[in-house]
Amino acid sequence: MRSRFLTALGSLFPPSRLLIQAAELAPFESDALTAFRARPIAVVIPESKEDVIQAVRLCRDHGVPFVARGSGTSLSGGSVPVAGGIVLALNRLNRILRIDPARRIAVVEPGVINLTVSQLAARHRLYYAPDPSSQSICTIGGNVAFNSGGAHCLKYGMTSNHVLGLTAVLPDGEVVELGGESLEGAGPDLHGLFVGNEGLFGVALEITLRLLPIPESYRTILAAYDRVEDAGEAVSRIVASGLLPGAMEIMDRLAIEAAEAAVHAGYPADANAILLVELEGERAVVDLDFARLSEVVRLSRPREVRVARDASERLLFWKGRKSAFSAVGRISPDYLVQDGVVPRSRLGEALGEIGRMGRERGIRVANVFHAGDGNLHPLILFDGRVAGALEKAEELAGEILRLCLRLGGSITGEHGVGMEKRDYLPAMFTPTEIEVMHRLHRAIDPKGLSNSGKMFPGGGAPALTAHGPHPLERAGIISRE
Ligand SMILES: Cc1cc2nc3c(=O)[nH]c(=O)nc-3n(C[C@H](O)[C@H](O)[C@H](O)COP(=O)(O)OP(=O)(O)OC[C@H]3O[C@@H](n4cnc5c(N)ncnc54)[C@H](O)[C@@H]3O)c2cc1C
């Protein structure tokens with residue numbers, strides 16, 4: 001059966017684009033959450049949408065599971081292969097098919113890198129707004145599957161707000177066009193349904209993106225605080241003032257130290273937290289808002305305030321923030337990233353609690369997060385070579401998620417459910433809500449071939465190479481019984 005399938009695959013793809021040797025498959029076994037691993041039986045490298053369609057139809061005919069993969073930067077195990085299945089590595093589908101400045105759209109293949117869209121649109125003074133910190137490596141296909149966010153999604157919304165339409169091959173091999181080229185459409189929002197499906201509804205082949213005019217003016221403030229809670233309170237004050245900045249991000253002392261060591265962003269070395277706030281838009285409006293923002297920030301009692309003097313200083317402020325995840329690798333051999341959300345009004349409280357919980361356990365936690373959205377990214381530092389260190393880090397991770405739920409938030413903001421949190425959906429949704437999702441899933445993929453086992457609870461035992469039960473189990477939020 002398996003060899004018949006591989007032979008048929010071999011008639012579609014030349015050996016250079018059909019990987020079957022163990023050494024060739026190894027790089028595809030996991031994504032950025034390396035705790036989960038599975039070996040596919042093959043990786044195919046399509047070069048056209050017809051290649052993808054043929055591969056999916058072959059999988060359908062042989063009942064073989066498949067997983068679409070962009071750059072593999074998922075932090076939730078979303079692009080981990082399904083055992084016994086194949087991976088469709090989409091990086092060569094990286095053409096920007098059309099940029100239409102008059103209609104302010106770009107039509108792209110799924111393997112296009114997020115940042116490339118803005119780089120090419122810039123010649124028309126346009127850009128693509130969603131900006132994950134991974135934007136220089138992650139693909140639009142991955143962004144669509146996870147409804148990814150980024151620092152500037154506070155003002156402009158997540159990926160779902162910027163996808164106008166798409167062409168996809170469904171798990172049964174049928175090719176559909178959903179949505180179109182404008183915001184107005186008749187009938188249900190089917191392309192909206194596809195965005196955030198985590199690869200369960202088939203493979204996006206072409207995506208029509210909304211482009212925005214590059215803002216005329218930016219003003220970027222960096223405020224330094226003695227306490228991270230004060231930075232959190234400053235965010236609540238800014239929101240309460242009615243201002244809508246393009247981005248509001250917080251980094252705590254450890255994250256500052258790491259970013260400084262990595263990219264020398266010039267952050268105040270003695271601050272316990274920094275808040276980055278960026279206003280953008282028409283110059284006259286930005287200037288007015290800047291005066292108000294300066295006053296609100298002053299009232300939050302920062303120890304220091306800096307305003308980016310020019311474009312290069314602004315980019316340096318952001319470089320420090322965007323490199324923070326990878327920079328933390330400089331101050332700790334290992335770390336776990338959490339993606340919980342709390343209501344913005346409770347940010348200060350959440351941060352204080354996380355600090356206390358970390359101190360109590362003697363674990364260092366670096367906080368770097370999309371403060372405007374209340375989307376926390378605590379990085380729990382540990383040394384995997386020390387016996388029991390991972391388990392202690394996981395326990396703390398579970399406590400933090402429990403805290404997020406207690407404060408009225410969510411277990412994920414933008415990294416998706418993937419494999420990591422799939423058994424924990426019941427902590428967020430009622431059985432009825434989960435059943436509705438199941439019905440939709442079954443209707444679109446009755447054989448369960450497309451990225452099967454992800455997102456939904458009970459999707460089969462995860463190949464968890466980290467030790468012991470999940471932090472949420474330990475925290476008593478869920479049980480696998
Ligand atoms: C350092 C770092 C920083 C990050 N910062 C952010 C951030 O600020 N915001 C944020 O939201 N995320 C962030 N992430 C997470 C990650 O980059 C995003 O989830 C991103 O969208 C994944 O893109 P990818 O191309 O790597 O997709 P992959 O990891 O390859 O795949 C992700 C999911 O998309 C599916 N998929 C891929 N292509 C397609 C397709 N064509 N059709 C259907 N499904 C498809 C896969 O099956 C999988 O389920 C970060 C990750 C890292 C490592």
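Order of appearance sets the numbers: ligands from 1, and atoms from 1 within every ligand.
Short contacts between ligand 1 and V203, defined as distances under 4.0 Å to a heavy atom of the residue, involve ligand atoms 41 (N), 42 (N), 43 (C). Numbered from 1 in the order shown, with element, the atoms of ligand 1 that lie under 4.0 Å from a heavy atom of F146 read 19 (O), 32 (C), 33 (C). Interface of E198 with ligand 1, defined as ligand atoms under 4.0 Å from a residue heavy atom, comprises 49 (O). Under a 4.0 Å criterion applied to the non-hydrogen atoms of N451, ligand 1 contributes the atoms 47 (O), 49 (O). Proximity to G199 (heavy-atom distance under 4.0 Å) selects the following atoms of ligand 1: 44 (N). Within ligand 1, counting atoms from 1 as listed, the ones closer than 4.0 Å to a heavy atom of S74 are 29 (O). When each atom of ligand 1 is checked for a heavy atom of N143 under 4.0 Å away, the hits are 20 (C), 21 (O). Close contacts of ligand 1 with T73, meaning ligand atoms under 4.0 Å from a residue heavy atom, involve 15 (C), 16 (C), 17 (O), 20 (C), 22 (C), 23 (O), 24 (P), 26 (O), 29 (O), 51 (C), 53 (C).
With R57 contributing its side chain and G173 its backbone, the two residues share a donor-acceptor pair below 3.5 Å. Between the R344 side chain and the G372 main chain, a donor and an acceptor come within less than 3.5 Å of each other. Put simply, the side chain of S79 never gets that close to the backbone of D31: no donor and acceptor are under 3.5 Å apart. Judged by distance alone, the side chain of E109 and the main-chain N or O of N94 form a donor-acceptor pair under 3.5 Å. Formation of a donor-acceptor pair under 3.5 Å by the D445 side chain with backbone atoms of P171 is not found in this model. For K447 (side chain) and G63 (main-chain N/O), no donor-acceptor pair under 3.5 Å exists by modelled atom type. For E260 (side chain) and A265 (main-chain N/O), a donor-acceptor pair under 3.5 Å exists by modelled atom type. A distance-only check finds a donor-acceptor pair linking the side chain of R364 to the backbone of I331 [under 3.5 Å]. Proximity of a side-chain donor or acceptor of K49 to a complementary backbone N or O of T167 within less than 3.5 Å is not detected.
Backbone and side-chain nitrogen or oxygen atoms of F194 are examined, and none is located within less than 3.5 angstrom of a nitrogen or oxygen of ligand 1. The shortest N/O to N/O separation between A145 and ligand 1 does not fall below 3.5 Å. At under 3.5 Å, not a single nitrogen or oxygen of D131, backbone or side chain, sits near a nitrogen or oxygen of ligand 1. In terms of polar-atom proximity, defined here as any N/O pair under 3.5 Å, D31 makes no such contact with ligand 1. Polar contact with ligand 1: absent for R69 (N/O pair, distance under 3.5 Å). Between G72 and ligand 1, at least one pair of N/O atoms sits closer than 3.5 Å. In terms of N/O distances under 3.5 Å, ligand 1 is not approached by L90.
With F325, F28, F369, F66 as candidates, the residue nearest to atom 2 (C) of ligand 1 on a non-hydrogen basis is F325. Taking only non-hydrogen atoms, the option from A32, S133, G78, S71 nearest to atom 24 (P) of ligand 1 is S71.
Residues meeting the side chain to side chain donor-acceptor pair (under 3.5 Å) test with H377, sequence neighbours left out: E414.
With a heavy-atom cut-off of 4.0 Å, H370 touches ligand 1 through its side chain alone. Contact annotation for P110 and ligand 1: only side-chain heavy atoms (C-beta onward) come within less than 4.0 Å of the ligand. At a heavy-atom distance under 4.0 Å, only side-chain atoms of V67, from C-beta outward, approach ligand 1.
A cation-pi arrangement is not found for R69 relative to F28, the charged atom failing to lie both closer than 6.0 Å to the ring centre and inside a 45° cone about the ring normal.
Taking the side chain as every heavy atom from C-beta outward, L405 and I411 approach each other to under 4.5 Å.
Taking a 4.0 Å cut-off on heavy atoms, G418 fails to register as neighbouring ligand 1. At a 4.0 Å cut-off, not a single heavy atom of Q135 sits close enough to ligand 1 to count as contact.
Counting heavy-atom neighbours within 6.0 Å of K319 NZ, excluding the residue itself, gives a total of 12 or less. For E177, the CD atom counts as loosely surrounded, since its 6.0 Å shell holds 12 or fewer non-hydrogen atoms of other residues, nucleotides or ligands.
Here Y156 and H162 keep their ring centres 6.0 angstrom or further from each other.
Counting protein heavy atoms only, atom 14 (N) of ligand 1 is closest to S134 OG, 3.6 Å. Nearest protein heavy-atom neighbour of atom 43 (C) of ligand 1: G202 O, 3.4 Å. Shortest contact from atom 25 (O) of ligand 1 to any protein heavy atom: T139 OG1, 2.6 Å. Closest to atom 42 (N) of ligand 1, if we only count protein heavy atoms, is A204 N, 2.9 Å. From the protein, the heavy atom lying nearest to atom 46 (C) of ligand 1 is A68 O, 3.0 Å. Nearest non-hydrogen protein atom to atom 12 (N) of ligand 1 is H415 CD2, 3.6 Å.
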**Request:** Show the numbers, then the answer: is there a salt bridge (Lys or Arg N to Asp or Glu O under 4.0 Å) between R17 and D51?
**Result:** CA-CA 11 Å; R17 296 198 285 121; D51 281 350; 3.0 Å; yes
